[in-house]
Amino acid sequence: MHTTDNTRQAQAVRLDAVSKIYGRGDNEVAALRDFTMSFATGTFTAVMGPSGSGKSTFLHCAAGLVRPTSGTVTVGGTDLAGLDDVRLTRMRRDRIGFIFQSFNLLPSLTVRQNILLPLQLAGARPDKSLVQNVVRRVGLAERLDHLPSQLSGGQQQRVA
Ligand SMILES: Nc1ncnc2c1ncn2[C@@H]1O[C@H](COP(=O)(O)OP(=O)(O)OP(=O)(O)O)[C@@H](O)[C@H]1O
Ligand SMILES: [Mg+2]
């Protein structure tokens, strides 16, 4: 396929010939084999497939949480292989939103603190009215001082 720099810009995420092999020898599992796919900016994609078919592995590679065994992952034009762990962490914090199946909220922090934590770590000052607006839209305005353990599953998901 021929792509120009222009179309490359419009790709949020791109995987080129990505393989991820877990284990060795008899235990070797190819969770992804030579997987190529690109995802255009501003689009939604649902990833479906049988249990164990590699969906989580794909998402982890695409988000820079797992380094592929081979192949290239590009996020917003940046080749993740070129980033050391510090830069990779910064890239994830600044550019990727991730709702884990188990949410991964910090249990001792309130809803407000969980929501603002990534901004705080980035040294950014939250735009108060934007935060208020988002929190209201997802129905969490009355829960800001609660702990994750005091929320329903759906509420925890929206905090994440
Ligand atoms: N850390 C790991 N070590 C070894 N094998 C792994 C590891 N993680 C995943 N696998 C294997 O890789 C394959 C793909 O796993 P993956 O978690 O990506 O599947 P999935 O499509 O997300 O499945 P599910 O729908 O059950 O969540 C599976 O065969 C799994 O056993
Ligand atoms: Mg999975």
Side-chain angles (χ1 to χ4, degrees), residues 1 3 7-122 134-135 137-140 143 146-160:
M1 191 174 76
T3 52
T7 60
R8 220 172 268 279
Q9 288 261 309
Q11 288 170 356
V13 181
R14 179 176 177 84
L15 283 81
D16 278 299
V18 168
S19 295
K20 178 66 190 177
I21 317 290
Y22 291 111
R24 273 181 197 193
D26 287 349
N27 288 331
E28 191 173 292
V29 174
L32 286 178
R33 205 190 312 252
D34 212 13
F35 180 69
T36 297
M37 182 78 73
S38 67
F39 302 88
T41 301
T43 61
F44 285 93
T45 303
V47 182
M48 298 186 285
S51 179
S53 62
K55 304 180 296 293
S56 290
T57 304
F58 151 65
L59 285 167
H60 291 162
C61 288
L65 288 164
V66 162
R67 288 197 192 266
T69 308
S70 60
T72 309
V73 179
T74 313
V75 176
T78 305
D79 179 353
L80 300 191
L83 304 182
D84 60 20
D85 282 346
V86 171
R87 286 186 177 163
L88 197 55
T89 301
R90 201 174 295 147
M91 187 284 304
R92 280 197 307 263
R93 187 180 64 205
D94 293 346
R95 306 179 77 166
I96 297 187
F98 216 113
I99 303 174
F100 291 94
Q101 184 162 7
S102 53
F103 310 136
N104 289 352
L105 300 176
L106 293 181
S108 61
L109 298 188
T110 64
V111 166
R112 187 198 316 273
Q113 290 167 332
N114 267 288
I115 290 172
L116 295 179
L117 185 63
L119 283 172
Q120 225 163 43
L121 292 174
V134 170
V135 159
R137 276 174 60 188
V138 298
L140 289 169
R143 290 287 179 276
H146 287 65
L147 296 172
S149 61
Q150 300 169 319
L151 302 180
S152 73
Q155 287 170 336
Q156 290 178 58
Q157 190 174 34
R158 296 200 295 282
V159 176

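Just so you know, ligand 1 is whichever comes first in the structure, and atom 1 is the first atom listed for that ligand. Residue indices begin at 1 and follow the sequence shown.
- Note that atom 23 (O) of ligand 1 has protein non-hydrogen atoms nearby, at separations under 4.0 angstrom.
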Should Phe103 and Asn114 be marked as a side-chain contact (heavy atoms from CB on, under 4.5 Å) after you check the CA-CA gap, both sets of side-chain angles, and the distance that decides it?
CA-CA 11 Å; Phe103 310 136; Asn114 267 288; over 6 Å; no
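- Pairing each heavy atom of Val73 with each of Pro68, the nearest pair is CG2-CG, 4.0 Å.
- When all heavy atoms of Arg158 and Val138 are compared, the pair lying nearest together is NE-O, 2.7 Å.
- Contact annotation: Thr57 places no N, O or S atom under 2.8 Å from the Mg ion (ligand 2).
- Atoms of ligand 1 lying under 4.0 Å from any heavy atom of Val29, numbered from 1 in the order shown and given with element: 11 (C), 12 (O), 29 (O).
- Between Leu32 and Phe58, the shortest heavy-atom distance links the atoms CD1-CA, 3.7 Å.
- A salt bridge is absent between Arg90 and Asp84; no separation between the charged side-chain nitrogens and carboxylate oxygens falls under 4.0 Å.
- Protein heavy atoms are absent from the space less than 4.0 angstrom from atom 30 (C) of ligand 1.
- Annotation: Ala31 places no N or O atom under 3.5 Å from an N or O atom of ligand 1; distance criterion only.
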Given the rule in the side-chain contact (heavy atoms from CB on, under 4.5 Å) test, do Asn104 and Phe98 qualify, once you have shown the distances and angles that lead to the verdict?
CA-CA 10 Å; Asn104 289 352; Phe98 216 113; over 6 Å; no
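- Applying the 4.0 Å criterion to heavy atoms of Pro50 picks out, from ligand 1, the atoms 21 (O).
- Every heavy atom of Gly49 sits 4.0 Å or more from the atoms of ligand 1.
- The shortest distance between side-chain heavy atoms of Val159 and Pro148 does not fall below 4.5 Å.
- From the protein, the heavy atom lying nearest to atom 17 (O) of ligand 1 is Ser56 CB, 3.7 Å.
- Within 6.0 Å of atom CZ in Arg87, 12 or fewer heavy atoms from other residues, nucleotides or ligands are found, so the atom counts as exposed in its surroundings.
- Only one option out of Val75, Val86, Thr78 pairs with Met91 in a side-chain contact (heavy atoms from CB on, under 4.5 Å); it is Val75.
- Within the 4.0 Å heavy-atom criterion, both parts of Thr57, backbone and side chain, lie near ligand 1.
- With respect to atom 25 (O) of ligand 1, the closest heavy atom belonging to the protein is Lys55 NZ, 2.7 Å.
- Looking at atom 2 (C) of ligand 1, its nearest protein heavy atom turns out to be Tyr22 CD2, 3.4 Å.
- Summary of contacts: the protein heavy atom closest to atom 26 (O) of ligand 1 is Ser51 OG, 2.6 Å.
- When only non-hydrogen protein atoms are considered, atom 28 (C) of ligand 1 lies nearest to Gly52 O, 3.5 Å.
- Under the 4.0 angstrom criterion for non-hydrogen atoms, Gly23 is not in contact with ligand 1.
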